[in-house]
Every structure is written in C-alpha cells, then in structure tokens.
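The next block holds one structure in the form of structure tokens; read it before the comments.
Quantities reported herein were computed from a predicted structural model and do not represent experimental measurements.
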Amino acid sequence: MSQNVTMISEIFRMTIERYGISGKQLSKFSGVSENHISEFRRDKTGISTEVLWKLIEAMDEIKPGARVYFCNRLTGGEGFGNSSQMSVPKQLESLLDMQILVDGLSDDSLALLLMVVAARIKNSVSSPAKGFELIG
C-alpha cells in the first residue's frame, strides 16, 4: 500500500473508533460490503474515491461530526503531527468554505475535481494540476 492510502485508512480507522461506528452500520448506510470496509480499515486494500466518499457520508449520517473529524485529520489537523497547522476553528471554517465550493459544483465538475485530487494523492504531487478548469 502507498503511504497515502495507509494514512487515509489509518485516519478512517481512528474516526470510526472515536465515534463508535461499526463496520455493519457503515455497510448498511453506505452499501459497501463489510468485508471491503474491514480490508480498507486494516490497510489490506485501497478503495476508490467514490467508495471513500460513500463511507464518509455514511459515517456522518450515523454520527454527525464524523466527516468533519475525518477531513480535519486528513488535512493535517490536530493530533497528526503537522507543525504548521491552523487552529481548530480556522480549520473548520476552511472546511465549511470547501463544502460550500463543492456544493456549488456540477456533477461533471465534481467528478473532475475528485479525479484531480485522486491523481495528486496517488502521485504525491505537490503543485496544483495545470490545464484543468472547474466549471460550476
């Protein structure tokens, strides 16, 4: 597994443990098999961005706040060793701004954004992709 997938599965595991969410609950709310969830949680397999989003949405439906916690950790929030981290209120404000931006995108633009983000994670690219324009 790549280091990024390992980090995401670790943050995923931390989130469901913190919120007391079971694999059975996640499977029921997301439509993803318990086995697939277990394999990802234990860093035995990766998952697509589509499946990850289903799991994140399901976590938040089961326990409101789980999505913000997951995203906070994913972006280097408190407790994940990022020395240049923002304060928690500033992080939440940034996440809310991102949510508003994402909510305003068309389905096609959102799909493109997810592909760009997935490629960046996969390739560990540190500069933004050039030539892509997201149209809402």
Report summary line: Taking every heavy atom of I37 against every heavy atom of S27, the minimum-distance pair comes out as CD1-N, 3.6 Å
Query - Non-neighbouring partners of R13 that pass salt bridge (charged side-chain N to carboxylate O under 4.0 Å, His left out), sequence neighbours left out - result: E10, E17
**Report entry** Straight-line distance of S38 OG to K24 NZ, nearest 0.5 Å
**Finding:** 14.0 Å
Query - Check against side-chain contact (heavy atoms from CB on, under 4.5 Å), L55 and I47 - result: CA-CA 10 Å; L55 294 174; I47 59 172; 3.9 Å; yes
Query raised in the report: What's the shortest heavy-atom distance between D60 and G65, and which atoms?
Result: OD1-N, 2.8 Å
Report task. Check whether any side-chain heavy atom of V32 sits under 4.5 Å from a side-chain heavy atom of L26, and report yes or no. Result -> no
Requested in this report: Over all heavy atoms of both residues, which pair between G20 and Q25 is shortest? Give the atoms and the distance, please.
Outcome: O-OE1, 3.7 Å
Query - SB check E57 R67 (cutoff 4.0 Å) - result: yes
Query - Nearest heavy atoms of F29 and I62, plus distance in Å - result: CD1-CG1, 3.6 Å
**Report entry** Pairing residues for E39 by the side-chain hydrogen bond (donor to acceptor under 3.5 Å, both in side chains) criterion, not counting sequence neighbours
**Finding:** R42
Report task. Test R18 against Y69 for side-chain contact (heavy atoms from CB on, under 4.5 Å), laying out the working first. Result -> CA-CA 9 Å; R18 176 185 174 103; Y69 178 85; 3.2 Å; yes
Report summary line: So CD1 of I56 and OG1 of T49: to nearest 0.5 Å the spacing works out to 10.0 Å
**Report entry** Taking every non-hydrogen atom, the tightest pair across I21 and M59
**Finding:** CD1-O, 3.8 Å
Requested in this report: Return the orientation label for the F40 and F12 ring planes: parallel under 30°, perpendicular over 60°, tilted otherwise.
Outcome: tilted
Query raised in the report: Which heavy-atom pair separates S30 from A58 by the least distance, and what is that distance?
Result: CB-CB, 3.8 Å
